Amino acid sequence: MINVTKPYLPPKEEYQRYIDEIWGRCWLTNNGPLVNELELNLKDYLGLEHLLFLGNGTIAIQIAIKALQLKGEIITTPFSYVATTSSIVWENCKPIFVDIDENSLNIKPELIEKAITKKTSAILATHVFGIPCEIDKIEAIAKKHNLKVIYDAAHCFGSTYNGRSVLGFGDVSTCSFHATKIFHTIEGGAVVSNSSGLIYKMAKMRNFGHDGPARFAGVGINGKNSEFHAAMGLANLKHIAEIMATRKNQFFKYLKWIKKLDVYMPRPTQENVEWNHAYFPVIFPTEKKLLAAVKALNDHYIYPRRYFYPSLNLLEYVDAAECPVSESIAKRVLCLPIYHEMSDSTIDLVSRVLLRAQNYRNK
Ligand SMILES: *Cc1c(COP(=O)(O)O)cnc(C)c1O
């Protein structure tokens, strides 16, 4: 069986060494030494000023919305994982969907301005599949209309814009370190900000609002993460350079085959972008062709995933909005298997099945 992804696991002894340390200290959670070490190492590796390690990437978005005190309407993308939208609704704000660019699959800045009303408080955009949004245009619009910007950078570990980590942009960027992401801590996430005031506030928020054992600096939640998760992060971070290099290699091996297929792939719409190639999304000409490809792959025990489907403007708990590009792409995009241990022969196999299915149909 070949799944869309397979989590990376570090050599067991390397994880075990951290676990032995935890046993020695009996400090399991609540801002322990491994959590601190992971935060420092991540900031160092990514070149970021402030970062807080959290329980997951969804609580990261919710804490960001809370810390920025967003109200009313948040302009957002319909093409993302459901957590981007559900976090807005969970925080009692209203998602206003703006359509995407068919090449980058990211929110189209040109459409944002028309969606701004008196009630708009922020823009929440996702850098889809690790390809950065048009950050400069979004910043300019936000500045002009006095809006906050949150980036859901869940896919962006290792992606850069103008030589800087994409995680360093916006008022707050959020990341996910879920087991399916290119860098993971089993479950985990982060908020990143250049504002020490915001970081201070979010640090309180992730720990119930505690400001000392018996004092509370406002309402908080449990957004903490544990020493065990930090240990997995520390062990994985030692291998991240190799993981990223391998992924890029695999991506280009796939690409050689995929060029022969009647599909296209998302691509950056701006210069000075390096992206992590974490996913291998292909866009078919029609949903029918996508479904035929899925069937052919499933027949060979290969399980791709329809990331992201459906378009989030069609969720039953949001107000109807028209996003024709996102709706169309969501029906036609398929993420093919790609993961650290995927061999060249498996890449060949997946590609051959797709090519055969296409040629058979065309006869
Ligand atoms: C994975 C993901 C999330 C959620 O992260 P979790 O850590 O699973 O909570 C949010 N947004 C996007 C775009 C994601 O891919």
Side-chain angles (χ1 to χ4, degrees), residues 61-62 64-65 67-89 91-156 159 161-162 166-174 192-195 198 266-273 275 308 310-315 318-330 333:
I61 304 172
Q62 289 171 214
I65 293 173
L68 290 166
Q69 296 176 291
L70 303 185
K71 301 225 154 40
E73 299 176 353
I74 299 179
I75 293 175
T76 190
T77 175
F79 193 74
S80 184
Y81 185 57
V82 71
T84 317
T85 298
S86 63
S87 300
I88 295 174
V89 177
E91 292 303 326
N92 288 316
C93 294
K94 187 174 167 189
I96 302 292
F97 295 98
V98 158
D99 214 348
I100 57 167
D101 181 276
E102 63 180 350
N103 288 309
S104 68
L105 311 189
N106 289 329
I107 196 166
K108 210 173 163 79
E110 289 73 17
L111 300 176
I112 292 177
E113 222 158 2
K114 283 182 222 145
I116 295 173
T117 71
K118 283 200 194 85
K119 292 184 193 153
T120 311
S121 60
I123 300 165
L124 169 41
T126 301
H127 306 290
V128 177
F129 300 136
I131 297 177
C133 290
E134 293 191 58
I135 290 169
D136 295 336
K137 288 188 192 166
I138 293 173
E139 302 301 321
I141 295 165
K143 213 171 209 172
K144 183 171 158 197
H145 296 274
N146 196 22
L147 304 175
K148 302 291 184 194
V149 179
I150 300 173
Y151 287 113
D152 179 344
H155 297 174
C156 275
S159 290
Y161 176 58
N162 286 336
V166 168
L167 284 158
F169 294 92
D171 291 283
V172 180
S173 272
T174 65
V192 176
S193 177
N194 298 319
S195 154
L198 269 176
R267 57 176 182 83
T269 43
Q270 56 192 339
E271 310 263 289
N272 302 323
V273 160
W275 96 98
F308 297 108
S311 185
L312 298 172
N313 57 307
L314 302 176
L315 287 169
V318 301
D319 285 357
E322 273 185 34
C323 299
V325 179
S326 176
E327 287 169 38
S328 167
I329 298 277
V333 63

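Because only heavy atoms are used, hydrogens play no part in the values below, and waters and symmetry mates are left out as well, while side chains stay in. It should be emphasised that the depicted structure is a prediction, and the values quoted were computed from it without experimental measurement. Positions are given from 1 along the sequence.
- Ring pair H155/F308 is parallel by interplanar angle, where below 30° counts as parallel and above 60° as perpendicular.
- Counting only distance, with no hydrogens or angles, the side chain of S159 and the backbone of G130 share a donor-acceptor pair below 3.5 Å.
- Residue G168 comes nearest to N194 through the heavy atom pair O-ND2, 3.0 Å, listed as atom of the first residue, atom of the second, then distance.
- When all heavy atoms are compared, the tightest approach of H127 to P132 is ND1-CA, 3.5 Å.
- Residues I74 and S121 are in side-chain contact: their nearest non-hydrogen atoms beyond the backbone lie under 4.5 Å apart.
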- Item | Verdict with supporting geometry, D136 and Y161, side-chain contact (heavy atoms from CB on, under 4.5 Å) | CA-CA 10 Å; D136 295 336; Y161 176 58; 2.5 Å; yes
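- Of the possible polar contacts, none joining the E91 side chain to the S87 backbone as a donor-acceptor pair under 3.5 Å is found.
- Summarising the geometry of A125 relative to I138, their closest heavy-atom pair is CB-CD1, 4.4 Å, with the distance given to 0.1 Å.
- When all heavy atoms of S80 and T126 are compared, the pair lying nearest together is OG-OG1, 2.9 Å.
- At least one side-chain heavy atom of L70 sits under 4.5 Å from a side-chain heavy atom of I150.
- Counting all heavy atoms, side chain and backbone alike, L68 lies closest to K148 at CD2-CD, 4.0 Å.
- Of the possible polar contacts, one joining the N313 side chain to the A321 backbone as a donor-acceptor pair under 3.5 Å is found.
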- Query: Passes side-chain contact (heavy atoms from CB on, under 4.5 Å), I107 versus T76? Steps please.
  - Reply: CA-CA 7 Å; I107 196 166; T76 190; 5.7 Å; no
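- Once rounded to the nearest 0.5 Å, the distance linking NE2 of H145 with OG1 of T117 reads 11.5 Å.
- Minimum interatomic distance between L312 and T77 (heavy atoms only, all atoms of both residues): CD1-O, 4.2 Å.
- Between the side chain of D99 and the backbone N or O of V325, at least one donor-acceptor pair lies under 3.5 Å.
- Note that CD1 of I96 and NZ of K119 are 8.5 Å apart. Values are rounded to the nearest 0.5 Å.
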- Item | CA sep, side-chain torsions, deciding dist, call: V318, F97, side-chain contact (heavy atoms from CB on, under 4.5 Å) | CA-CA 10 Å; V318 301; F97 295 98; 3.8 Å; yes
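- Side-chain atoms of S326 never come within 3.5 Å of backbone atoms of I100 as a donor-acceptor pair (strictly under, hydrogens ignored).
- For the pair E113/K144, a side-chain contact is recorded, criterion being any heavy-atom separation below 4.5 Å from C-beta on.
- When only modelled atom types and interatomic distance are considered, D152 and Y81 share no side-chain donor-acceptor pair under 3.5 Å.
- For the pairing with I112, the side-chain contact (heavy atoms from CB on, under 4.5 Å) check across L147, I141, T120 returns one residue only, I141.
- Looking at Q270, its side chain does come within 3.5 Å of a backbone N or O of C133 through a donor-acceptor pair.
- The structure places CG of L314 at 10.0 Å from CD of E322, a figure rounded to the nearest 0.5 Å.
- Rounding to the nearest 0.5 Å gives a distance of 4.0 Å between NZ of K137 and CD of E110.
- In this structure, N106 contributes its side chain and V128 its backbone to a donor-acceptor pair below 3.5 Å.
- Looking only at side-chain heavy atoms (C-beta outward), F169 and V149 stay at 4.5 Å or farther from each other.
- Remark: side-chain polar atoms of S86 are paired, donor with acceptor, to backbone N or O of V82 under 3.5 angstrom.
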